[in-house]
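Taking it in order: structure first as structure tokens, then the write-up.
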Amino acid sequence: VVTRDDVEESLKAVFQFVKDKEQLLQDLRSKIEETKKKISEKQQERDYWLEYKNVGSEIHAEKISSLEKDIAEVKYELEKTEEHYREALKVVREENQKRFDRHMKLLSEDSLKKAVGYLDTHCRREIEENEWLKEEVKIYRQEEKDLKASVQLLEEENTSLVAKLIDIKLQHLRV
């Protein structure tokens, strides 16, 4: 014998079961929608990267290779410029050394002429005593020191000018 209460209870249980299943179905639908959105986003991302792979990467690869060529050209130009300035500095140093040697030779010739011009009895006595020669040597050595200092200053100035020229050339190359 089934009573009305049993039937109502059974119906309530079935109703609750159906309600729970509908809630579960609704939750699954929302999860499916979320999953579809994620799939759509991932599909868009995949399409973007496929587009990049097919088109964008080639553009960037071309830009990279172009920049690498530019870097190689700048390095080559820098090496050429550096070699040019190194050679110019070498020539300037050699020229300074030649001038110094020529000047020293002229000074020694002038000193000899002066010494010969002063040869009288008084000077001969001084020559014998070697005192005036000592003074001439002192003067000669002082002039030599002065010349070496001026040559050093000229070389330093040339070096700084060459460095400035290299910096300016690098700036122009970068532009």
Side-chain angles (χ1 to χ4, degrees), residues 34 37-175:
E34 287 177 25
K37 285 181 185 178
K38 286 181 183 178
I39 289 172
S40 174
E41 290 173 3
K42 293 297 180 183
Q43 184 67 31
Q44 288 175 349
E45 188 177 342
R46 185 182 73 100
D47 291 343
Y48 170 79
W49 287 113
L50 280 175
E51 174 90 17
Y52 177 77
K53 178 184 170 190
N54 295 333
V55 178
S57 63
E58 292 175 7
I59 293 170
H60 287 130
E62 289 174 11
K63 285 182 182 179
I64 289 170
S65 68
S66 173
L67 290 173
E68 287 174 345
K69 286 178 185 175
D70 290 346
I71 289 170
E73 288 175 13
V74 167
K75 282 183 180 178
Y76 176 73
E77 288 295 324
L78 176 63
E79 289 171 1
K80 276 181 52 180
T81 304
E82 187 178 347
E83 184 63 30
H84 171 73
Y85 286 122
R86 195 176 295 124
E87 290 297 320
L89 181 62
K90 183 179 174 183
V91 168
V92 167
R93 282 187 177 163
E94 289 173 359
E95 185 178 325
N96 285 344
Q97 185 63 39
K98 286 178 185 177
R99 286 182 181 174
F100 178 75
D101 292 342
R102 195 175 329 125
H103 187 71
M104 295 306 290
K105 184 178 176 184
L106 288 174
L107 281 177
S108 66
E109 288 173 3
D110 286 344
S111 296
L112 182 62
K113 286 179 185 177
K114 284 181 183 178
V116 170
Y118 288 117
L119 287 179
D120 59 3
T121 56
H122 182 332
C123 289
R124 289 179 192 196
R125 210 172 322 129
E126 285 183 14
I127 290 173
E128 289 170 2
E129 293 172 2
N130 247 351
E131 293 208 15
W132 78 274
L133 282 176
K134 291 178 185 175
E135 290 298 319
E136 286 292 322
V137 167
K138 285 181 185 176
I139 293 170
Y140 174 79
R141 286 186 180 154
Q142 183 60 39
E143 287 178 354
E144 181 183 17
K145 286 179 185 177
D146 292 344
L147 285 173
K148 283 184 179 179
S150 67
V151 167
Q152 179 68 26
L153 289 174
L154 285 173
E155 285 182 355
E156 289 174 3
E157 182 179 332
N158 285 341
T159 303
S160 68
L161 289 174
V162 168
K164 286 180 184 178
L165 285 172
I166 289 172
D167 289 341
I168 290 170
K169 183 71 174 182
L170 282 175
Q171 288 175 357
H172 287 293
L173 286 176
R174 286 186 187 134
V175 170

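Because the structure is a prediction, the values reported are computed rather than measured.
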Q. Atom CD in Glu77, atom NE2 in His172: separation rounded to 0.5 Å?
A. 13.0 Å

Q: Measure the spacing between CZ of Arg46 and CD1 of Ile39 and express it to the nearest 0.5 Å.
A: 12.0 Å

Q: Could you give me the CA-CA distance, side-chain angles and deciding distance for Glu79 and Lys75, then say whether salt bridge (charged side-chain N to carboxylate O under 4.0 Å, His left out) is met?
A: CA-CA 6 Å; Glu79 289 171 1; Lys75 282 183 180 178; over 6 Å; no

Q) Do any N or O atoms from the side chain of Thr159 and from the backbone of Glu155 form a donor-acceptor pair under 3.5 angstrom? A) yes

Q. Between OG1 of Thr81 and CG of Leu170, what distance do you get to the nearest 0.5 Å?
A. 7.5 Å

Q. If we only count heavy atoms from C-beta on, is the Gln142 to Lys138 side-chain gap below 4.5 Å?
A. no

Q) Is there a side-chain contact between Leu106 and Glu109 (heavy atoms, below 4.5 Å)? A) yes

(Q) When you compare the side chain of Arg102 with that of Lys105, does any pair of heavy atoms fall below 4.5 Å? (A) no

Q. Between Glu94 and Lys98, does a salt bridge (charged side-chain N to carboxylate O under 4.0 Å, His left out) hold up when you go through it step by step?
A. CA-CA 6 Å; Glu94 289 173 359; Lys98 286 178 185 177; 5.5 Å; no

**Q.** Pairwise distance CD(Gln43) to CD(Glu45) - rounded to 0.5 angstrom
**A.** 10.5 Å

Q. Tell me, do Glu51 and Asp47 make a side-chain contact under 4.5 Å, heavy atoms counted?
A. no

Q) Distance from Glu156 atom CD to Leu161 atom CG, nearest 0.5 Å? A) 12.0 Å

Q | Beyond-backbone contact of Val162 with Val92, side-chain heavy atoms, under 4.5 angstrom | A | no

(Q) Could you measure the distance from the CG atom of Asn96 to the NE2 atom of His103? Nearest 0.5 Å is fine. (A) 13.0 Å

Q: Might you work through the salt bridge (charged side-chain N to carboxylate O under 4.0 Å, His left out) test for Glu83 and Arg86, ending with a clear yes or no?
A: CA-CA 5 Å; Glu83 184 63 30; Arg86 195 176 295 124; 2.8 Å; yes

Q) So, are Lys38 and Glu34 salt-bridged, with charged N and O less than 4.0 Å apart? A) no

Q) Do the side-chain N and O atoms of Gln97 and Asp101 include a donor-acceptor pair separated by under 3.5 angstrom? A) yes

Q | Under-4.0 Å salt bridge between Lys37 and Glu41 | A | no

